[in-house]
Amino acid sequence: MATVDHPAGIVLKSAYDPRTRSYNLNQSTLAKARAAHARGLNGGKPMQLHFLGHSYMTGFQSAAPYPTNTSPAQVTRLLDASGRMGKVAEGHRVLSYGSTLGARLSDDTRFTLAPEWTYISGHGYALSSVYRNTANTGDLTFAPGVPITHFEVVYLASTVTGAWSFSTNGGAGFASTSITATNPTIAYFSRVISVSAEPAVASLIIRPPASGHVMIQSIRAYTDTATSKNAIEVTNGAVSGSTAAGATVGSWTHSLNGYASTAQAITFYKPDLACIMLGTNDRNAGRTETEYINAMRTLAQQVQTAGGDVIFLREPTPTEQGFTDGLYGLADEIGAGLIEVGPDWPSTYANAKAEPYGYIGTDSSHPSPRGHTAIGRTVANALLAALWARPLGGVGLVLGVGGFALLIAVAVAAGAAVCVAVALAPVALGFNEQANEPRLQALDRCNPHAASIGRATWRLAPDPWQAPRQTPVPGWRS
């Protein structure tokens with residue numbers, strides 16, 4: 001049997017929307033994220049959407065390699081394909097391992113690494129997941145394969161850090177970062193590298209220092225021009241094995257010697273919205289529900305303190321449903337949202353693996369490509385409904401033209417500007433929500449950015465991707 005929409009017997013103090021399987025997503029809990037989205041749409045810094053969690057988001061299965069088929073990658077594609085959120089693209093590519101532990105970045109064909117580079121397991125950007133040179137020779141190359149104007153390299157510096165160098169597009173000259181050891185403990189640094197004035201396909205070569213080490217944590221490839229700029233950038237910060245609680249390497253709320261703290265990472269990256277999925281590994285480690293909820297509170301409040309909003313992603317197919325029930329109350333307590341990413345998944349891994357679901361892959365515990373698609377669709381639909389900024393207001397006039405309705409919309413945009421847009425819709429649709437959609441799209445064209453986010457109206461977005469309940473979800477086709 002599939003799980004229920006929300007746990008029986010739990011008092012829900014905030015609004016639950018069964019259409020998007022979301023809880024407590026509103027103007028208050030997402031105020032910072034919505035303002036950041038408006039900022040990105042209006043040409044400012046892109047909204048930073050980060051996913052923090054464990055192997056349910058990392059594409060651990062060899063059949064679902066990171067980063068192509070992970071649920072955050074699906075969310076990126078679906079939001080971008082909606083045409084309603086502005087340009088949505090990958091943000092920071094955190095240098096975590098791929099599906100084969102020994103191969104590390106082998107799943108991501110954009111990377112070429114010399115054998116002198118090795119992965120240091122810190123589990124997610126929360127605890128310094130990095131690639132470090134073991135010798136002072138050998139390059140790390142990243143070729144995103146899409147037109148960009150800039151690279152940004154995030155690296156960690158400590159007492160053994162040397163000045164690494166870089167080159168773009170295979171150039172012979174390497175420029176030094178000039179930042180060396182100045183910190184007795186690990187600290188974050190960022191180097192922005194300009195590639196070209198207009199978007200162009202480019203590659204980045206990183207060369208280790210002549211002595212000492214460099215710890216590369218993430219690389220961001222992006223465009224920054226007036227006509228080509230991202231509105232939202234999605235970063236997958238999840239790594240297999242991560243927990244919310246406990247003084248372990250995989251913990252998101254504790255730091256160890258030689259690792260930066262979670263608060264350091266979150267303060268540096270400053271996600272505008274963090275979607276957090278953790279819990280299974282805490283339960284498997286024998287931690288109590290109270291310990292788990294306390295750790296999730298710590299992590300979420302670190303995001304909020306750094307200026308971002310939080311959405312908890314309730315895991316699908318937990319072996320003990322009650323372990324994550326406390327997330328609903330925690331969302332109420334700290335003003336966070338919650339999305340149920342697997343209410344239609346059978347309650348055991350074996351049943352979720354079997355057809356007609358096929359959500360669990362060949363190792364019987366991690367999502368298959370179909371499972372990642374199912375998670376991505378649910379999250380994307382809820383985010384689209386919650387973040388899509390409507391125009392400030394407007395009226396529409398419907399005129400019959402043959403078998404179509406001519407919809408003329410007049411909208412009041414930000415700054416009291418008035419504009420007019422026209423759309424056609426089949427008369428057969430009738431005057432329901434679907435027939436009203438062209439008028440709303442016309443209004444969007446009048447004021448696509450909804451810059452005055454506080455006065456923007458809200459409306460549930462249509463759900464073009466939601467699969468029928470208890471049926472398999474087909475793979476995403478780009």
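FYI, the numbering just counts along the sequence from 1. It should be emphasised that the depicted structure is a prediction, and the values quoted were computed from it without experimental measurement. Side chains included, hydrogens not; waters and symmetry mates left out as well; all remaining heavy atoms used.
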Got a sec, which residues hit side chain to side chain donor-acceptor pair (under 3.5 Å) with S14, two or more places apart in sequence or on another chain?
N24, D332
Hits for side chain to side chain contact (heavy atoms under 4.5 Å, CB included) against A300, two or more places apart or cross-chain, chain-then-number order -> V310, F312, I334
Which atom names give the shortest non-hydrogen contact between [X] and [Y], and what distance separates them?
X: V214; Y: P209; result: CG1-CD, 3.8 Å
X: I293; Y: G326; result: CD1-C, 3.6 Å
X: M85; Y: L79; result: CG-O, 3.9 Å
X: G43; Y: K229; result: O-NZ, 3.0 Å
X: G86; Y: A231; result: CA-CB, 4.0 Å
X: R287; Y: F323; result: O-CE1, 3.3 Å

Any heavy-atom pair between the side chains of [Y] and [X] that's under 4.5 Å?
X: I232; Y: D272; value: no
X: F166; Y: V153; value: no
X: P271; Y: T235; value: no
X: D325; Y: R314; value: yes
X: L25; Y: D17; value: no
X: P199; Y: T149; value: yes
X: R93; Y: F111; value: yes
X: K270; Y: Q48; value: no

Under 3.5 Å: donor-acceptor pair, side chain of [X], backbone of [Y]:
X: D309; Y: A33; result: yes
X: D139; Y: T141; result: no
X: T225; Y: E198; result: no
X: H50; Y: A274; result: no
X: H54; Y: Y56; result: yes
X: R220; Y: F151; result: no
X: N230; Y: V88; result: no
X: E315; Y: T280; result: yes
X: T223; Y: S228; result: yes
X: W117; Y: G138; result: yes

Among V341, L338, L52, L278, exactly one meets side-chain contact (heavy atoms from CB on, under 4.5 Å) together with L313. Which residue is that?
V341
To the nearest 0.5 Å, tell me how far [X] [atom1] sits from [Y] [atom2].
X: N236; Y: S71; atom1: CG; atom2: OG; result: 7.0 Å
X: H372; Y: M57; atom1: NE2; atom2: CE; result: 10.0 Å
X: L383; Y: L78; atom1: CG; atom2: CG; result: 10.5 Å
X: L384; Y: T20; atom1: CG; atom2: OG1; result: 10.5 Å
X: I360; Y: H366; atom1: CD1; atom2: NE2; result: 9.0 Å
X: Y359; Y: T373; atom1: OH; atom2: OG1; result: 10.0 Å

Show, in sequence, the C-alpha distance, side-chain angles and deciding distance for T168 and L204, and conclude whether the side-chain contact (heavy atoms from CB on, under 4.5 Å) test is met.
CA-CA 5 Å; T168 58; L204 175 69; 4.2 Å; yes
Assess whether side-chain contact (heavy atoms from CB on, under 4.5 Å) is satisfied between R377 and Q74, documenting all intermediate values.
CA-CA 7 Å; R377 283 178 169 177; Q74 302 288 9; over 6 Å; no
Taking atom NZ of K13 as the centre, report whether more than 12 heavy atoms of other residues, nucleotides or ligands fall under 6.0 Å from it.
no
With side-chain contact (heavy atoms from CB on, under 4.5 Å) as the test, would you mind laying out the steps for V379 and I311 before giving the verdict?
CA-CA 10 Å; V379 175; I311 295 177; over 6 Å; no
Check the pair Y222 / V192 against side-chain contact (heavy atoms from CB on, under 4.5 Å), numbers first and verdict last.
CA-CA 10 Å; Y222 63 100; V192 174; 3.4 Å; yes
Hey, can you tell me if Y269 and Y188 have their rings parallel, tilted or perpendicular (30° and 60° cut-offs)?
perpendicular
